[in-house]
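Everything numeric here is computed off the predicted structure, so don't read it as measured data. When a residue number appears, it is its place in the shown sequence, counting from 1.
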Amino acid sequence: MKYIEHLFVGGSVQDLDTILYSIHKNIPVFHLYCICLFYGNQKNHVEIMSSKEICKKRYNQKNFVVIGVAYGKTEAIDLFCYIIQQAVEKDSDMQKAEEWIL
């Protein structure tokens, strides 16, 4: 798991350093959702996942980048809509998520 340099952060997130430390150490944060870009040999895709899900062992060896964090699923969806809106405004190729996210 990696993080993009300029992480998108929901309005409810207060202590980003503690959140990133917890996720890095596989400690789930209650009601925290992460927007993740999965990449590799298969088709790239973006998922909104709870921190509880990300901290499971099956994700330890997967190639993905956390692009945003938010408290609650609704805020995570709103944040993802904002990310997409920013990409559209920059005339990014929406078929290639790795280009407009990274």
Side-chain angles (χ1 to χ4, degrees):
M1 168 178 36
K2 300 175 187 173
Y3 306 97
I4 62 171
E5 185 176 342
H6 300 288
L7 196 65
F8 291 92
V9 180
S12 300
V13 175
Q14 298 292 323
D15 191 0
L16 184 60
D17 291 334
T18 301
I19 288 170
L20 296 178
Y21 175 82
S22 297
I23 294 172
H24 183 71
K25 295 291 184 181
N26 289 328
I27 303 168
V29 178
F30 192 64
H31 286 296
L32 183 77
Y33 284 83
C34 299
I35 303 168
C36 304
L37 170 65
F38 285 82
Y39 59 93
N41 297 336
Q42 304 263 338
K43 193 178 193 181
N44 297 344
H45 66 282
V46 176
E47 289 186 32
I48 297 175
M49 300 171 43
S50 70
S51 65
K52 181 179 178 183
E53 185 68 21
I54 287 176
C55 292
K56 291 183 178 178
K57 289 185 180 188
R58 67 178 167 203
Y59 290 104
N60 286 348
Q61 301 303 319
K62 299 236 180 183
N63 289 329
F64 69 96
V65 178
V66 177
I67 61 172
V69 293
Y71 277 117
K73 194 155 195 162
T74 302
E75 186 175 79
I77 292 169
D78 289 343
L79 184 60
F80 184 60
C81 290
Y82 172 78
I83 294 168
I84 292 173
Q85 182 181 15
Q86 294 297 309
V88 168
E89 288 176 5
K90 293 178 182 176
D91 291 326
S92 300
D93 182 0
M94 299 307 288
Q95 295 292 329
K96 298 178 181 176
E98 67 280 3
E99 290 181 10
W100 52 267
I101 290 175
L102 304 176

Requested in this report: Any chance you could lay out the side-chain contact (heavy atoms from CB on, under 4.5 Å) test for Leu32 and Tyr71, step after step, and finish with the verdict?
Outcome: CA-CA 5 Å; Leu32 183 77; Tyr71 277 117; 4.1 Å; yes

Query - Pair Phe64-Met49, side-chain contact (heavy atoms from CB on, under 4.5 Å): steps then yes or no - result: CA-CA 12 Å; Phe64 69 96; Met49 300 171 43; 5.9 Å; no

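Nearest heavy-atom pair, Leu79 versus Ala70, reported as atom, atom and distance to 0.1 Å: CD2-CB, 4.3 Å. Contact between Tyr3 and Val65 at its shortest, heavy atoms only, is C-CG1, 4.0 Å. The minimum heavy-atom distance linking Val66 with Leu7 is given by the pair O-CD1, 3.3 Å. Nearest heavy-atom pair, Pro28 versus Asn26, reported as atom, atom and distance to 0.1 Å: CD-O, 3.6 Å. The two residues Val13 and Val69 have their closest heavy-atom pair at CG2-O, 3.9 Å.
Both Ile67 and Tyr82 are assigned to one and the same hydrophobic cluster, defined by single-linkage of ILVMFWY side chains at heavy-atom distances under 4.5 Å. Ile83 and Val88 fall within the same hydrophobic cluster, defined by Ile, Leu, Val, Met, Phe, Trp and Tyr side-chain heavy atoms under 4.5 Å apart, directly or through other members.
Counting only residues at least two apart or in different chains, salt bridge (Lys or Arg N to Asp or Glu O under 4.0 Å) contacts with residues 14-30 are absent. Sorted by first and then second residue, the pairs that involve residues 45-57 and meet side chain to side chain donor-acceptor pair (under 3.5 Å), not counting sequence neighbours, are His45-Glu47, Glu53-Lys56, Glu53-Arg58, Glu53-Tyr59. Residue pairs satisfying the ring pair (Phe, Tyr, Trp, His ring centres under 6.0 Å) criterion with at least one member in residues 14-33, sequence neighbours excluded, are absent.
Within the 4.5 Å cutoff, no side-chain heavy atoms of Ile4 are placed close to those of Leu37.
For Lys73, there are no side chain to side chain donor-acceptor pair (under 3.5 Å) partners two or more places apart in sequence or in a different chain. For Ser12, the side chain to side chain donor-acceptor pair (under 3.5 Å) partners two or more places apart in sequence, or in a different chain, are Glu75. Every residue two or more places apart in sequence or in another chain was checked for a side chain to side chain donor-acceptor pair (under 3.5 Å) with Ser22, and none qualifies.
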